[in-house]
A.B. asks: 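Would you mind keeping the following structure in view while I ask a few things?
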Amino acid sequence: MGFLDDAQTMFDRGVSAAKGAVSGVAVEQQAFAKGFARLAADGCAQGWHEGNGGNLSYRLAPEEVASCRSFFYDNPSSWVPMGVRADNLSGEFFLVTASGSHLRNVALDLDANAGIVEVGPAGDAWRIVWGFKDGRMPTSEMAAHALAQSARKEATAGRSRVVYHAHPAYTVALTNVVPLDARTFTRTLWKAMLEAMVAFPSGVGVVPWTVPGGSAIAEATAEVLRDHAVCVWAHHGLMCAGATFDEAFGLAQAVEKAACVHARALMMNGGGDRFASTIPDEGLRGIAEAYGLAVNEAYL
Ligand code: 13P
Ligand code: ZN
């Protein structure tokens with residue numbers, strides 16, 4: 001057998017090994033898990049995740065659940081009540097960051113810093129089926145993720161899968177100086193830069209200061225997310241949702257960029273918001289028409 005034959009044999013072996021592995025690709029190697037870890041790392045690169053700040057959830061598609069099942073624990077954890085109920089999440093599986101995990105570590109050690117939970121038949125409890133090594137637990141914002149996932153699943157006919165919570169500084173800073181009603185907050189961001197309305201035509205809703213981690217912030221957030229893809233949490237951060245990791249991350253980027261532009265304009269203007277120039281109201285309508293956006297009319 002010559003060199004080329006040897007090479008062919010090696011290649012064939014490699015292919016059959018790869019084929020064999022396709023039915024058992026480790027959870028960490030699956031595309032959705034890589035996208036999850038990448039978003040966590042990208043959010044850290046933006047400076048949005050000091051310490052354990054922020055968290056992330058992803059609703060698995062049925063084929064992703066099927067390709068992960070062989071890696072699930074033989075004995076899942078017992079059911080843990082969520083404190084909220086979402087009928088349309090019954091039987092769904094979510095990859096979720098662990099409470100206390102630093103998002104910069106998610107890509108390095110996924111099954112310690114995140115895990116997969118299954119939602120029970122009544123949509124009001126979860127159990128761990130994979131990951132959360134060493135006794136870790138899902139994020140303290142699990143109730144908010146559940147109700148946010150539920151609201152966006154409903155609002156998008158099932159397209160939405162990613163819910164992302166981050167602590168971007170300019171967005172948080174604006175909640176100290178801009179009135180917290182959704183119309184004012186949205187128009188402030190839309191008028192800061194063209195791309196804002198293009199990125200979030202449904203606008204942003206705002207939840208006033210609320211103690212995190214409980215059912216109150218979860219319910220208030222879900223109410224906002226029924227007709228917005230982004231919810232700002234005053235003096236805390238934002239929660240946004242998308243069909244893909246790119247969509248959810250891009251939304252957070254656009255909100256934070258617009259907040260940054262507005263904040264810098266305020267600083268350059270001596271703190272006042274009467275600017276020499278701004279996008280006029282007709283300009284907002286013009287953007288909506290030019291881009292064919294499904295804009296929230298109440299904010300025009
Ligand atoms: P967790 O570490 O429990 O996810 O909490 C972080 C956070 O940002 C709470 O709002
Ligand atoms: Zn937070």
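Just so it is clear, the structure is predicted and the values come from calculations on it, not from any experiment. Every number for a ligand or one of its atoms is a count from 1 in the order of the listing. Values below: all heavy atoms of this structure, side chains included; hydrogens, waters and symmetry mates excluded.
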A.B. asks: Please state whether the rings of Tyr299 and His228 are parallel, tilted or perpendicular, taking 30° and 60° as the class boundaries.
C.D. replies: parallel

A.B. asks: For atom 7 (C) of ligand 1, which protein heavy atom lies nearest, and how many Å away is it?
C.D. replies: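 I find the closest protein heavy atom is Asn55 ND2, 3.5 Å.
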
A.B. asks: Parallel, tilted or perpendicular for His235 and Trp209, by the 30°/60° rule?
C.D. replies: tilted

A.B. asks: Can you sort out which atoms of ligand 1 are near Gly100, meaning under 4.0 Å from one of its heavy atoms?
C.D. replies: 1 (P), 2 (O), 3 (O)

A.B. asks: Taking atom OH of Tyr291 as the centre, report whether more than 12 heavy atoms of other residues, nucleotides or ligands fall under 6.0 Å from it.
C.D. replies: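 Incorrect, the count does not exceed 12.
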
A.B. asks: Using a 4.0 Å cut-off to any heavy atom of His167, which atoms of ligand 1 qualify?
C.D. replies: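 Those qualifying, in numeric order: 8 (O).
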
A.B. asks: Out of Thr97, Ile217, Thr139, whose heavy atom sits nearest atom 4 (O) of ligand 1?
C.D. replies: Thr139

A.B. asks: How are the rings of His236 and His165 set relative to one another: parallel (under 30°), tilted (30 to 60°) or perpendicular (over 60°)?
C.D. replies: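 Geometry flag for His165 against His236: perpendicular rings.
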
A.B. asks: Which ligand 1 atoms are under 4.0 Å away from a heavy-atom of His165?
C.D. replies: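 Near His165, the atoms of ligand 1 are 8 (O), 10 (O).
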
A.B. asks: For a side-chain contact (heavy atoms from CB on, under 4.5 Å) with Cys68, tell me which candidate from Leu60, Leu95, Val25 qualifies.
C.D. replies: Leu60

A.B. asks: Taking C-beta and beyond as the side chain, do Phe36 and Val162 meet within less than 4.5 Å on heavy atoms?
C.D. replies: no

A.B. asks: Closer than 4.0 angstrom, basic N to acidic O: yes or no for Glu64 and Arg161?
C.D. replies: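 Here Glu64 does not pair with Arg161 in a salt bridge, since their nearest N and O are not under 4.0 Å apart.
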
A.B. asks: Please identify which atoms of ligand 1 are closer than 4.0 Å to at least one heavy atom of His236.
C.D. replies: 10 (O)

A.B. asks: Looking at the Zn ion (ligand 2), which N/O/S atom of His236 is the nearest one?
C.D. replies: NE2

A.B. asks: Check each of Met137, Glu141, Met239 against atom 9 (C) of ligand 1 and report the one with the nearest heavy atom.
C.D. replies: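 Among Met137, Glu141, Met239, the closest heavy atom to atom 9 (C) of ligand 1 comes from Glu141.
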
A.B. asks: Going by the atom numbers of ligand 1, which of them fall below 4.0 Å from some non-hydrogen atom of Asn52?
C.D. replies: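 It comes down to these atoms of ligand 1: 1 (P), 2 (O), 5 (O), 6 (C).
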
